[in-house]
Amino acid sequence: MSPMNKEHQRIRDLLKARNAILLAHNYQPPEIQDVADLCGDSLELSRKAAATDAEVIVFCGVHFMAETASILSPDRTVLLPRTDAGCLMADMITAEDLEEKIRSLGSIPVVTYVNSTADVKALSTICCTSANAVQVVESLDAEEILMTPDKNLAQYTARRTDKIIHFWEGFCPTHERLTVEDVRRAKAAHPEAVFMAHPECRPDVLALADEIFSTSGMLRFAKTSPDTEFIVGTEVGLLYPLQKENPAKRFYPASEKMVCKNMKKITLAHVIRSLEHMEGEVKVPEAVRVPALKAVQRMLDVSA
Ligand code: 13P
Ligand code: SF4
């Protein structure tokens, strides 16, 4: 047995012994995706966390994702094998900042991207993901809305609705790094390729996109599209499942710079350690969980 297969076998044994499920985000390293029970985008992973009957959820992703699992499944133990795996965009807004903004804007609904802390979700009317932001905004009975924390997702949504969207000045540094020049270079090198971009990219980059999707949206599109070449405008981790699921097609990163260091922190050894010692528990206190759940559940109901 190769060392990796040994580690995979150990993880599968521990998952069984702990009655645990392993969820992994689409950006996780290949060896983590290969051992997971389910890989997905933020929306799919939230749904799975809400529906599981496992006693333990091992979350391979970043902190806000594990928090969302804890919000939805308070009776389960949620483990994040590296509790220091954060999200730089989620850190761009605090509950205090948001309270002040709400005071200054008056009582308009707040749509908060799931890439945010539980404290910020708790102050929000409803959450959204990159897969359902337009649908969530359209579901609200209000003409003016504040979207936090991602200015790029907010502007992408604003272009698809008649509502007035106020936005927070947050962004994902990994996606913000992709420039128009990078995209032009990739298109020149692969003139037949379809350019797929994530809504966290800058507006000038999205203007060049043939298709705009969440990470799982890209996976679904690549599978069903008759096209055979794709330029991928999101974190480079997505290249692995794209290529694995479509061996006859070709995928090129829009830029090699699109790496989220936090998404690369968890190794197989960390997963083993976390399961062996039940280390890295993420638990949202009830006073925050209850209002945060309202916002997350409302999103799940809208996009059911
Ligand atoms: P998705 O929900 O599209 O998977 O995106 C999550 C994320 O963190 C993007 O940077
Ligand atoms: Fe956060 Fe960006 Fe990393 Fe996604 S890619 S987890 S938004 S820093």
Side-chain angles (χ1 to χ4, degrees), residues 23-29 32-33 36 38-49 59-69 72 80 82-93 111-118 120-121 127-136 147-154 156-157 168-178 196-202 205-206 209 211-222 232-242 253-266 282 296 299-300 303:
L23 305 181
H25 187 265
N26 290 325
Y27 295 156
Q28 285 290 292
I32 300 282
Q33 295 198 30
L38 182 102
C39 299
D41 66 7
S42 303
L43 183 59
E44 291 165 338
L45 295 174
S46 303
R47 287 206 182 108
K48 189 68 189 175
F59 217 114
C60 291
V62 292
H63 197 268
F64 76 80
M65 296 179 176
E67 269 193 342
T68 306
L72 285 161
L80 178 65
R82 283 282 298 263
T83 48
D84 61 341
C87 166
L88 297 175
M89 168 162 24
D91 293 342
M92 290 184 188
I93 183 170
V111 175
T112 291
Y113 193 22
V114 285
N115 298 33
S116 54
T117 62
V120 169
K121 288 184 176 77
C127 286
C128 74
T129 72
S130 58
N132 63 17
V134 178
Q135 197 185 359
V136 163
M147 286 187 79
T148 73
D150 186 6
K151 64 175 179 181
N152 291 334
L153 180 68
Y156 159 83
T157 307
W168 196 263
E169 287 289 341
F171 58 90
C172 163
T174 304
H175 287 79
E176 189 80 357
R177 224 169 275 147
L178 181 65
M196 307 188 287
H198 194 277
E200 287 178 17
C201 293
R202 300 142 65 126
V205 165
L206 290 183
E211 304 289 344
I212 302 172
F213 293 121
S214 75
T215 57
S216 288
M218 289 186 194
L219 285 165
R220 279 189 291 273
F221 177 75
V232 184
T234 194
E235 210 275 342
V236 293
L238 193 69
L239 275 283
Y240 175 69
L242 280 167
S255 162
E256 300 278 359
K257 295 175 294 187
M258 297 185 78
V259 178
C260 174
K261 287 193 182 135
N262 282 301
M263 279 284 182
K264 311 300 173 201
K265 282 186 175 163
I266 298 173
V282 173
V296 175
M299 167 191 81
L300 291 175
S303 54

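Order of listing sets the numbers, starting from 1, for every ligand and every atom in it.
- Using a non-hydrogen distance threshold of 4.0 Å, Y27 registers as a contact of ligand 1.
- Within the structure, the closest approach of N115 to ligand 1 falls below 4.0 Å when heavy atoms are considered.
- Annotation for ligand 2: atoms under 4.0 Å from non-hydrogen atoms of M89 are 7 (S).
- Close approach of ligand 2 to L88 is summarised as follows: ligand atoms under 4.0 Å from at least one heavy atom of the residue are 8 (S).
- Close to ligand 2: N115, with a non-hydrogen atom less than 4.0 angstrom away.
- Listed by atom number, the atoms of ligand 1 under 4.0 Å from E200 heavy atoms are 7 (C), 9 (C), 10 (O).
- If you look at S130 next to ligand 1, the close heavy atoms, those under 4.0 Å, all belong to the side chain.
- Between the side chain of N262 and the backbone N or O of A85, no donor-acceptor pair lies under 3.5 Å.
- Among the backbone and side-chain atoms of C172, an N/O/S atom is found under 2.8 Å from atom 2 (Fe) of ligand 2.
- A donor-acceptor distance shorter than 3.5 angstrom exists from the side chain of Q33 to the backbone of Q28, with no hydrogens or angles considered.
- Heavy-atom distances between H25 and ligand 2 stay at or above 4.0 Å for every pair.
- A heavy-atom separation below 4.0 Å is not found between M89 and ligand 1.
- With 2.8 Å as the limit, C87 does not count as an N, O or S neighbour of atom 3 (Fe) of ligand 2.
- Polar contact with ligand 1: present for H25 (N/O pair, distance under 3.5 Å).
- Ligand 1 has no N or O atom lying under 3.5 Å from any N or O atom of T129, backbone or side chain.
- For C172, the heavy-atom gap to ligand 1 stays at 4.0 angstrom or more.
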